[in-house]
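Accompanying notes for the structure given below.
Residue numbering restarts at 1 for every chain, and letters A, B, ... go by the order of the sequence lines. From a predicted model like this one, the values you see are computed outputs, not experimental measurements.
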Amino acid sequence: MGRTDIGPPDYKDMLPPVIKKNYGKWKFHETIRPGVLRHVSESGDELYTVRAGSPRLLSIDFVRDICDVADKYCDGYLRFTSRYNIEFMTDKKANVDALIEELKRLGLPVGGTGNAISNIVHTQGWIHCHSAATDASGLVKAIMDELYDYFTSMKLPAYVRIAVACCINMCGAVHCSDLAIVGVHRKPPKVDHEKVLAQCEIPTIIQSCPTGAIRRHPDPNVKSVVVREDLCMYCANCFTVCPAMPLADPEGDGVAIYAGGKVSNARKPPMFSRMVVPYLPNNPPRWPEVVDIIKKIVEVYASNAKKYERMGEWIERIGWEKFFKLTGIPFTEQHIDDFTHAVETYRTTTQFKW
Amino acid sequence: MGRTDIGPPDYKDMLPPVIKKNYGKWKFHETIRPGVLRHVSESGDELYTVRAGSPRLLSIDFVRDICDVADKYCDGYLRFTSRYNIEFMTDKKANVDALIEELKRLGLPVGGTGNAISNIVHTQGWIHCHSAATDASGLVKAIMDELYDYFTSMKLPAYVRIAVACCINMCGAVHCSDLAIVGVHRKPPKVDHEKVLAQCEIPTIIQSCPTGAIRRHPDPNVKSVVVREDLCMYCANCFTVCPAMPLADPEGDGVAIYAGGKVSNARKPPMFSRMVVPYLPNNPPRWPEVVDIIKKIVEVYASNAKKYERMGEWIERIGWEKFFKLTGIPFTEQHIDDFTHAVETYRTTTQFKW
Amino acid sequence: MSDETPLLDELEKGPWPSYVTQIKRAAKKKKAAKDLLGIQELSYKDRITHWKHGGIVGVTGYGSGVIGRYCDQPEKFPDAAQFHTMRINHPAGWFYNTKSLREICDTWEQYGSGLTNFHGSTGDIILLGTTTDNLQPCFDALTEKGFDLGGSGSALRTISGCVGQARCEWANFDTLNLVYDLTMEFQDEIHRPRWPYKFKIKASGCPNDCVAAIARADFTIIGTWRDSLRIDQAAIRNYVDNGFEIKTLIVDKCPSGALEWDDKSKELKLNAEDCVRCMHCINKMPKAIRPGVDTGATILVGGKAPIIKGAYLSWVLVPFIKVEPPYEEIKGLLRKIWDFWDENGRTRERLAELIERVGLKNFLKEIGVPPMPQMVYKPRANPYVYF
Amino acid sequence: MSDETPLLDELEKGPWPSYVTQIKRAAKKKKAAKDLLGIQELSYKDRITHWKHGGIVGVTGYGSGVIGRYCDQPEKFPDAAQFHTMRINHPAGWFYNTKSLREICDTWEQYGSGLTNFHGSTGDIILLGTTTDNLQPCFDALTEKGFDLGGSGSALRTISGCVGQARCEWANFDTLNLVYDLTMEFQDEIHRPRWPYKFKIKASGCPNDCVAAIARADFTIIGTWRDSLRIDQAAIRNYVDNGFEIKTLIVDKCPSGALEWDDKSKELKLNAEDCVRCMHCINKMPKAIRPGVDTGATILVGGKAPIIKGAYLSWVLVPFIKVEPPYEEIKGLLRKIWDFWDENGRTRERLAELIERVGLKNFLKEIGVPPMPQMVYKPRANPYVYF
Ligand code: SRM
Ligand code: SRM
Ligand code: SRM
Ligand code: SRM
Ligand code: SF4
Ligand code: SF4
Ligand code: SF4
Ligand code: SF4
Ligand code: SF4
Ligand code: SF4
Ligand code: SF4
Ligand code: SF4
């Protein structure tokens, strides 16, 4: 048996020399072109960062490739960002162009800085999760192909942060993203009574349901549960605690789109993303309906928002009713909240636009 | 037996001739001095309205007095406002000064228009209600004596609407007033078991409690209820449905002060009033602690708010933390919401002032 | 009882007209008023109410309009031992001719304490204090004079509206006529309680909401318009020439940024599509700006005080509706809502609480109103959707 | 299984780097990766996941760090029939020397599918797909190289922080050091699940919150300062002279109206008392404006995704705290919170849900933090007060 509880390596061993030297002494930065930052230290030292897009799901050989690049230009160091991008840092300005060339060769886009669409925070999907109502990696690829230009440029009014989660567990920060794509079920769990008996605890199942839709099986001889389908809103909580209650269904599953969330405290406080499309079908490999609507929203936003106005700030200024008008997205009964704090979303004023 | 379901008199029989003639044709108005409005019609006709403060609780002889005034100057018509003020209307400018003189003789202040403190919307209190945790009329008199100048002038940044309710049933629009004074209990109901048996329905009592604090008496022979005091927040709902559970208590009762509500849709949507002082003792006849704090808040508001900024708009702009700082009112655990939608009031940002 | 009221006497001092003076004035003629003074003094001394829960008292054929009230010290105050109030429905807009007012006074001199409230906060004339025996004769005398009882209990309450077109240039519909018409139509609903709880209707002619409807009515009617507000540029210039700071006081305060002041052309420019009809610019420049001409109302539902589930402001139900006699659309909507509430509401559950419980979506379906983004500030944030 | 993946092949087209290409690359060396490709193609065809609930698998002495995973078509894809992931705790700030990275690759080449995530969205290195038998030897090999598992299950999860002082001029405290220190201090809490549910800690050096802590962490540490931000007026002038629209882009967007641009003196004036430290002016004029020097952090609690009671953003708990090694105050606060949660929390109840259930007031009392107006946007509106 090996060592335990050693924790991760000390970050100090992972820092390039110029960072070690100027740690805590950075004075200002500028973005000299999309994907390239220049940080200047109190000491006068400079640091150039080249940010490259990444598919996140990486083969080890590819990791070795980027290590080669880092060895060649970055003293053998690199880092990843909180959005899976890869950052190559060097104190030599001369290295920047060569670095970019090298990354191009590896097929990696340079960008994601400033008023861009950076990489999409996402999750496992059909690659690894039993809970997935859609695939994450495929959606990301299809969307980023379409929005590629926004990654490599900085032409948007402000940051647009996109996230994809393959189910409403919402691994990631989907609930607070400018644009969020979420896998959703639309069919209640199909209870496998024998499996319930073998694998699950009935009280735990019953407790897990936020709407109280689950009851003991009416037949006391059947040690299982039944679902009141009219009370089920397909959250899959029961499935999380009991594998015998799968919800996945090719016709029922698909994605919902939420918009207008943010996390930073800049200007407006953080905001939740809010439903703009309740459901679109899973249409792999390229989810054209999803890609279209995402692109549409980005374009309407890009041409209407003011400079430095995040999606949610823009919508808050113009009003949601105007957002639906401008984007042409239909407003449906699903948009109206009916969960715990729903009433706080109801409009208590005569102020609105037609 | 008399007639039934005749309804109130037709309002058309109650309108002065100049109003009948210009009904729906008013073009604009101006406030020519505090308490005096001039409305001008498309027809060119003018209407002068003199608004006088009223104690609301009126003896019939006083009502006859004001009828005399109306007969003399207003063609025998008058009206009351939604805040109990009395309005004398005349199409003759010449009548205005004489009218004001006459009202002065009756001891009635002229004012309450524009950026003033108008009459206080209030309720029965110890004059008539079994539910009262304080008196309304006395509080109103004590407060209006102190704020009198603000009634007869228009020197505030904007409207300041005050309301008093003698218990948290909040008859009136206390929950949406710039300043609200509310009678509160602070002792749980004292259950009179014999009276419960005689006068109340136990299931109704149990159901009435929003916090589930009421249970059947543990002794099955006692057909009554008990209150879990730690769960009681003194709402008096149980008392409303069962007289055998009074909460009134000289030491427990008193008032709370709320601020920053509004009703109009002008500029900002309507807002709820929010707690600024959780409790002050009942100190009749003049409630000096209450009067002081109300005056203090009005003064801090008057000297800090921008023109046309209602109390709630001002507080929203400066932040509640600054409101507490400026007024010197202590912030306590009672200020923190813990009712149904409490979490919506918790601050989800690093944005705040020190 | 003693004649001394040292505590209340304090409240005869000071500039604001004193309610104590009013009670004393009534007390000169009526014993009930005198006892009321004593009870009030005692409450000031004891710091507690001396009224007990009301029993069921009323007039024949009605279930509402009277609030029964008994003093807890009947021996000490025999003339106010029974002290019921009668709620009298007011003429729309609270306009009176003095003849009618005097008739009320005369009747109340005969049958009651001689004390009144003009008005109660729902809008009734409150006749304050009479005995059980006097209720019916007093009622009969009042109806003779053309007055009737208002609502109380689990009934439709007295409907009220702002002064509206009678004296206000901004009224987008005729509030007085609507209030009167609905009041006459729903006499039965007012007088005979049969619902889960009380129901209130209030109407304001414009978004200034001078009857505070949005905060206090289960069914709130607020005037508005669908076209653009009207600007008289010459009159605007007049304001500005007189030193009115149009930029800071109007343009900067417009909640939707719909206004722009062009300092060169001296014009106030409006992007009508962006205006949310808040009234602010109109309010502050009444000689230059007026509401539009395609007028009507927004209907909102659910306003109420805190009992039981907390206070609610009314929510938008119908963004725009024409408000014209015979008001069939509004009446139809009311009836649908009452049917739904009657069938689904629990005892002491106001409309807002019921809607919160069953969900706005289901409520809309039941009453046949389509979902619109104007009903919400923002769509749901949670993914807990019933499909 | 067939070698054909027509649906996935579509995802090798287009400019964005393709994850399919990555799987195919790994599939050249590792059979597990090849089977993964097949499973993924099948999911694309069937529009459904082919993974089953994970069983309990792991390494000796730990309860967390491994997510068990089984394919529902083991006969078809025997090499991915078991396809567990290992979560490897990352070095704070996600900095690596290539030596360490290569060591991870080598180990994973030996024991796993050759596929990874850099990183999982909590911040772990995800080693994607291995068998039950390989878990322990893989773990042993990794610890040899200085790497350890991260959190999973009802444990403290892998802590993460923004790049902070390593490369950012705005970091108000040393995020990397704090993350590392807490990670080392709480190894036991990370590796041995024993709480009602998961617990997450994230640290951002300033209110820009580049790790989205406020939305995703039960315990959120966000850098801020107590004094005034610093303005270099000469540098400001430089921006303005270069055509930067300081009025519309900065002054008008300041959420608290704390800034004023004096066009005459060409000075940007700050009312420091009004600044809410939102970072906007600093963000957009990094050469001219900087945070203050009395730096520390705001602690917020309760951020999380929707399961079960809905999503929460973190709430302010401690408006200001100094953040200096050995971080005893923060550790003490964490321990108090865990004790309270451990004792009072229900299974699968995150901290926010517990606080909502028991009330913020009671929570504050229990952990000994005094109430402050900074904790709320606004005081209560309802009168339902426990005294
Ligand atoms: C590298 C990274 C931190 C890390 O530890 O990995 C980072 C780095 C910087 N961020 Fe960030 N942010 C990073 C994720 C974030 C996130 C989190 C996220 O995207 O999920 C946020 C919150 C987003 C949100 O609100 O939803 C974030 C909100 C900001 C903001 C505020 C933007 C706003 O106006 O709302 C700034 C300031 C600005 O750019 O004006 C900022 C600024 C910066 C600066 C300029 C800080 C500095 O002085 O070095 C860095 C370069 C910015 C750029 O990309 O142009 N950073 N930044 C992250 C890069 C992610 C990526 O690959 O794209
Ligand atoms: C007479 C009355 C209506 C009635 O049917 O009785 C009335 C009459 C007028 N109101 Fe009102 N309002 C009346 C109660 C209200 C109320 C209700 C209340 O106070 O409980 C409100 C909502 C208050 C709130 O938001 O809490 C109200 C909010 C307004 C506003 C919006 C003020 C704001 O900026 O929020 C205006 C417009 C203005 O004055 O700028 C307005 C304007 C007016 C105008 C100018 C309308 C007009 O063109 O004639 C009237 C004279 C105003 C004045 O007093 O200076 N009226 N007004 C009510 C007089 C009450 C009193 O005796 O003081
Ligand atoms: C007389 C009046 C106060 C006044 O002095 O003006 C009044 C007096 C009472 N109200 Fe009220 N309410 C009066 C207007 C209101 C208003 C204002 C309004 O209607 O615009 C409200 C707030 C709006 C609303 O309805 O939500 C109001 C909200 C309540 C409530 C709480 C209702 C709720 O859903 O939150 C109760 C409690 C109850 O019904 O049990 C209540 C109960 C009562 C009772 C019947 C006491 C009780 O528990 O049974 C009071 C009888 C007092 C008495 O002895 O005369 N009263 N009550 C008002 C009626 C006069 C009139 O008809 O004109
Ligand atoms: C791997 C990862 C997604 C990814 O591809 O990046 C992930 C994967 C899973 N998450 Fe997650 N979560 C991951 C980050 C998150 C995050 C983001 C974060 O930590 O910053 C969140 C939102 C923040 C939060 O915790 O609230 C998140 C919120 C959830 C939830 C909902 C929790 C909630 O309270 O709402 C669940 C449901 C559950 O726990 O039963 C969940 C459950 C799961 C499970 C374990 C599925 C389950 O029902 O048991 C997933 C295993 C997938 C698999 O087969 O590998 N995961 N999960 C992330 C962890 C990688 C890492 O360690 O770096
Ligand atoms: S979002 Fe759902 S499906 Fe996707 S990884 Fe997380 S738990 Fe699994
Ligand atoms: S999916 Fe959610 S709502 Fe439906 S039965 Fe399961 S736990 Fe309940
Ligand atoms: S507020 Fe309370 S005490 Fe006052 S009249 Fe209304 S019910 Fe009675
Ligand atoms: S006063 Fe309110 S909380 Fe207390 S027992 Fe009665 S109903 Fe329940
Ligand atoms: S609500 Fe509007 S229409 Fe009615 S009186 Fe007030 S300002 Fe005039
Ligand atoms: S009515 Fe209000 S929203 Fe419309 S233009 Fe005037 S101020 Fe702006
Ligand atoms: S959160 Fe602040 S300190 Fe950390 S990287 Fe982002 S901008 Fe810099
Ligand atoms: S940091 Fe934000 S709040 Fe402070 S002055 Fe700058 S813009 Fe205004």
Is the number of heavy atoms from other residues, nucleotides or ligands within 6.0 Å of [atom1] ([X]) greater than 12?
X: D:Q187; atom1: CD; result: yes
X: A:E201; atom1: CD; result: no
X: D:E245; atom1: CD; result: no

Is [X] in contact with chain D via its backbone, its side chain, both, or neither, using a 4.5 Å heavy-atom distance?
X: A:H122; result: backbone
X: A:C242; result: backbone
X: A:K12; result: side chain
X: A:L37; result: side chain
X: A:F62; result: both
X: A:P246; result: neither
X: A:Q199; result: neither
X: A:H39; result: side chain
X: A:P16; result: side chain
X: A:Q207; result: neither

[X] [atom1] to [Y] [atom2] distance, which is reported to the nearest 0.5 Å:
X: A:D75; Y: D:T98; atom1: CG; atom2: OG1; result: 10.0 Å
X: A:I6; Y: D:L149; atom1: CD1; atom2: CG; result: 9.5 Å
X: A:R56; Y: D:T116; atom1: CZ; atom2: OG1; result: 9.5 Å

Are any of the side-chain heavy atoms of [X] and [Y] separated by less than 4.5 Å?
X: D:R47; Y: A:P284; result: yes
X: D:I67; Y: A:Q124; result: no
X: D:R348; Y: A:T240; result: yes
X: D:R69; Y: A:C129; result: yes
X: A:C176; Y: D:L313; result: yes
X: D:H191; Y: A:T4; result: no
X: A:R64; Y: D:E109; result: yes
X: D:K287; Y: A:V40; result: no

Main-chain N/O of [Y] paired to [X] side chain as donor or acceptor, under 3.5 Å:
X: A:R267; Y: D:K253; value: no
X: D:Q22; Y: A:S59; value: yes
X: A:Y11; Y: D:H90; value: no
X: D:N97; Y: A:D13; value: yes
X: A:W26; Y: D:A166; value: yes
X: D:W16; Y: A:A142; value: no
X: A:H175; Y: D:A215; value: yes
X: D:N89; Y: A:P8; value: no
X: A:S82; Y: D:C210; value: yes

Check each atom of [X] against the heavy atoms of chain A and say whether the ones under 4.5 Å are side chain, backbone, both or neither.
X: D:Y377; value: side chain
X: D:T183; value: side chain
X: D:Y70; value: neither
X: D:S100; value: side chain
X: D:I48; value: both
X: D:K52; value: backbone
X: D:L36; value: side chain

*Just do the side chain to side chain contact (heavy atoms under 4.5 Å, CB included) check on D:R25 and A:D65 with the steps written out, would you?*
CA-CA 12 Å; D:R25 192 165 172 191; A:D65 286 351; 2.8 Å; yes
*Can you see which heavy atom on D:I307 is nearest to which on A:C235, and at what distance?*
CD1-O, 4.4 Å
*Looking only at heavy atoms, which two atoms of A:D5 and D:Y62 are closest? And how far apart?*
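Closest pair (atom of A:D5, atom of D:Y62, distance): N-OH, 2.7 Å.
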*Any idea which of A:G261, A:S264, A:P210, A:S137 has the most non-hydrogen atom pairs under 4.5 angstrom with chain D?*
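Answer, by heavy-atom pair count under 4.5 Å with chain D: A:S137.
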*Between D:F83 and A:H128, what is the ring plane arrangement, given parallel below 30°, perpendicular above 60°, and tilted in between?*
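Taking A:H128 first and then D:F83, their aromatic rings sit tilted (interplane angle of 30° to 60°).
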*asked:* Test side chain to side chain contact (heavy atoms under 4.5 Å, CB included) on D:K13 and A:R286; report intermediate values, then the result.
replied: CA-CA 11 Å; D:K13 300 172 188 166; A:R286 286 210 161 261; 4.2 Å; yes
*asked:* Is the distance from the ring center of D:H53 to that of A:F239 below 6.0 Å?
replied: yes
*How about D:H280 and A:Y308: are their ring centres within less than 6.0 Å of each other?*
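Here the rings of A:Y308 and D:H280 have centres that are less than 6.0 Å from each other.
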*Please lay out, stage by stage, how A:Y84 and D:N117 fare under the test side chain to side chain donor-acceptor pair (under 3.5 Å).*
CA-CA 9 Å; A:Y84 322 136; D:N117 287 150; over 6 Å; no
*A:F80 pairs by ring-ring contact (aromatic ring centres under 6.0 Å, His included) with which of D:F95, D:W94, D:F118?*
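For A:F80, the ring-ring contact (aromatic ring centres under 6.0 Å, His included) test succeeds with only one of D:F95, D:W94, D:F118, which is D:F118.
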Under 4.0 Å between a Lys/Arg side-chain N and an Asp/Glu carboxylate O for [X] and [Y]?
X: D:K29; Y: A:D61; result: yes
X: D:D252; Y: A:K306; result: no
X: A:K262; Y: D:D209; result: no

*Taking it one step at a time, do A:K141 and D:E12 satisfy side chain to side chain contact (heavy atoms under 4.5 Å, CB included)?*
CA-CA 9 Å; A:K141 166 72 175 147; D:E12 289 199 275; over 6 Å; no
*Applying salt bridge (Lys or Arg N to Asp or Glu O under 4.0 Å), name anything that partners D:R167, two or more places apart in sequence or on another chain.*
A:E87
*Please identify each residue that fulfils salt bridge (Lys or Arg N to Asp or Glu O under 4.0 Å) with A:K25, with sequence neighbours left out.*
none
*Is there a side chain to side chain contact (heavy atoms under 4.5 Å, CB included) between A:D135 and D:Q40 once you walk through the steps?*
CA-CA 9 Å; A:D135 187 43; D:Q40 178 81 344; 3.0 Å; yes
